[in-house]
Amino acid sequence: MNKIFDYIDLNKLLNDLVNFLNNKSENQNAFIISGFKIKKLDEEGVIFGISDELILSKSNSLLQNTVIREFFINFYNHDNFIIRAELIDFLSESPDEVTFDSETVLTGQKTPDNAKKEVSFDINQPNTEYAFHNFVVGPSNEFAYASAKNVAKSPGISINPFFIYGGVGLGKTHLLCAIALEVKKNNPKSSVLYVSCETLINEYIKIIPVRNYHEFRKIRGVDVLLVDDVQFLAGKEMFQEEFYNTFNALYENNKQIILAADRTPQQIRGLTDRLVSRFRSGVMADIQLPDLETRIVIIQNLAKKHGKIIDNRIAEYLAIRMNANVREIRAVFTQIFWLSSINKREIDEKLIDEGLNTYFPNQEKQRLTPEKIREYVAREYNVSIEEMLSDSRTQNVTLPRHVAMYLIRELTDKTFKEIASFFERKDHGSVIHAGTKVGELLKNNVGDEEEQKIRKIKEYLIENFER
Ligand code: ADP
Ligand code: MG
């Protein structure tokens with residue numbers, strides 16, 4: 001057995017491969033491969049993990065690329081090693097890139113009694129992709145972002161604990177890792193541990209039979225503890241007890257605690273009251289779905305990173321159709337990029353439609369309801385439904401309210417009266433007024449930003465829903 005394979009960091013290896021391909025001007029393949037994982041490297045060859053079936057089906061020819069073989073030949077003294085790909089589920093795996101299991105407490109010199117198992121954190125080693133500068137900030141995440149920056153700047157001082165919550169693929173793990181990277185950059189000696197809650201629980205379960213609690217309690221020696229996906233605490237009473245003590249030990253020593261979950265502490269089923277109140281005692285920040293502008297920037301950044309410039313109009317076209325989480329936007333973009341690179345085609349509207357159709361094959365269209373329209377318009381203008389229903393007359397609320405009323409009238413069979421009561425208004429005059437206003441805006445401002453936005457929203461609703 002060639003032990004050497006056991007010591008290779010597969011995340012770093014993937015990074016090296018991507019750089020290698022870029023240096024050989026294989027930028028498109030580098031981009032596609034950067035979305036893969038290296039699952040295994042052993043005497044026989046290398047296995048890539050791919051989360052997307054469509055991409056998997058096309059990847060085997062890509063992986064036979066001679067430059068990729070050239071890279072791996074460093075590990076083999078014969079030509080017969082195999083390079084292949086398998087489907088993996090990224091979502092259920094621990095987050096990639098900057099992942100450290102609990103054995104890799106990222107230590108500084110401050111905690112000498114933590115010796116033995118720990119490895120020191122090498123800032124150059126993890127994929128620095130999850131850094132602050134790669135995080136696109138918009139109304140959906142600016143509070144979480146600003147708080148995260150603040151925590152990273154002065155850990156243990158101003159915000160403690162810091163709790164981030166929000167749906168899947170919205171950047172929670174990204175922010176956690178960004179904090180870890182930044183703290184380490186500012187203070188290389190501090191010990192920082194990023195760990196998923198699941199890993200922590202598994203480590204704990206392992207030590208129960210041998211009663212080696214001391215081993216587990218080493219994490220009380222870190223300066224910054226970041227625990228991802230704490231919704232996994234649900235129903236784990238025994239572990240909750242341990243975690244409560246860990247929390248207190250760190251907190252009392254002014255050590256920074258950062259937590260992320262897909263829901264609020266109150267919503268985590270079976271979380272003990274005292275943990276709920278601890279988790280809520282600092283700052284809580286939520287992350288929402290990105291609004292249109294943010295999605296456009298995310299798409300532009302993805303393109304730019306891989307040496308493509310795409311027209312703003314095209315980015316917007318895709319952004320409007322991808323009203324989804326960032327993980328999904330990235331996946332669809334990869335799909336489109338893939339199509340463009342294998343067919344040597346420009347990224348245009350047609351290609352985007354094809355990409356979306358292959359990514360979401362024969363999706364059944366949902367029915368267009370007033371709720372859907374109101375919700376979609378609210379999201380596009382970044383106002384809440386409550387604001388839409390309120391009496392507020394500020395322009396940034398009246399416009400979306402008018403647009404929603406107008407579109408409901410245009411695209412559904414609801415009467416003025418019904419629409420008025422749908423917006424909690426007694427008088428349907430306001431709906432008629434809204435219709436006139438928006439109608440005029442569309443007529444008199446052809447081509448300007450507002451007009452285009454409304455037109456795009458309308459197009460989107462018509463195309464994506466059944467009427
Ligand atoms: P979560 O942990 O909330 O499920 P992740 O942090 O894993 O989500 O994000 C999913 C993907 O989307 C990652 O590749 C991440 O880098 C990217 N991402 C999420 N939010 C942003 C953002 N605001 N700007 C740039 N990339 C983002
Ligand atoms: Mg995550």
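One-based numbering, in listed order, for ligands and for the atoms of each.
Residue Glu129 does not touch ligand 1, judged by heavy-atom distances below 4.0 Å.
Remark: ligand 1 atoms within the under-4.0 Å shell around heavy atoms of Tyr130 are 7 (O), 13 (C), 14 (O), 15 (C), 16 (O). Residue contact check: Asn141 has heavy atoms under 4.0 Å from atoms 23 (N) of ligand 1. Atoms of ligand 1 found under 4.0 Å from any heavy atom of Asn134 (numbered from 1 in listed order, with element): 24 (N), 25 (C), 26 (N). The contact set between ligand 1 and Gly167, taken as ligand atoms under 4.0 Å from a residue heavy atom, comprises 3 (O).
Tyr317 meets the ring pair (Phe, Tyr, Trp, His ring centres under 6.0 Å) test with no other residue; sequence neighbours excluded.
Under a 4.0 Å N-O distance rule, the pair Lys24/Glu70 qualifies as a salt bridge. Taking the charged nitrogens against the carboxylate oxygens, Arg220 and Glu252 have no contact shorter than 4.0 Å, which rules out a salt bridge. Classification of Glu86 and Lys40 as a salt-bridged pair fails, no side-chain N sitting under 4.0 Å from a carboxylate O.
When the options Gly171, Pro290, Gly166 are ranked by their closest heavy atom to atom 8 (O) of ligand 1, first place goes to Gly171.
The neighbour count for Arg280 CZ, taken as heavy atoms of other residues, nucleotides or ligands under 6.0 Å away, does not exceed 12.
The shortest N or O to N or O distance between Leu170 and ligand 1 is below 3.5 Å. The shortest N/O to N/O separation between Phe135 and ligand 1 does not fall below 3.5 Å. For the pair Val136 and ligand 1, the shortest N or O to N or O distance falls below 3.5 Å.
Side-chain contact annotation: Thr394 with Ser392, donor-acceptor N/O pair under 3.5 Å present.
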* To do: May I have the step-by-step check of ring-ring contact (aromatic ring centres under 6.0 Å, His included) for Tyr204 and Phe243, ending in yes or no?
  => CA-CA 10 Å; Tyr204 186 69; Phe243 194 66; over 10 Å; no
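Not a single N/O/S atom of Ser196, whether from backbone or side chain, sits less than 2.8 Å from the Mg ion (ligand 2).
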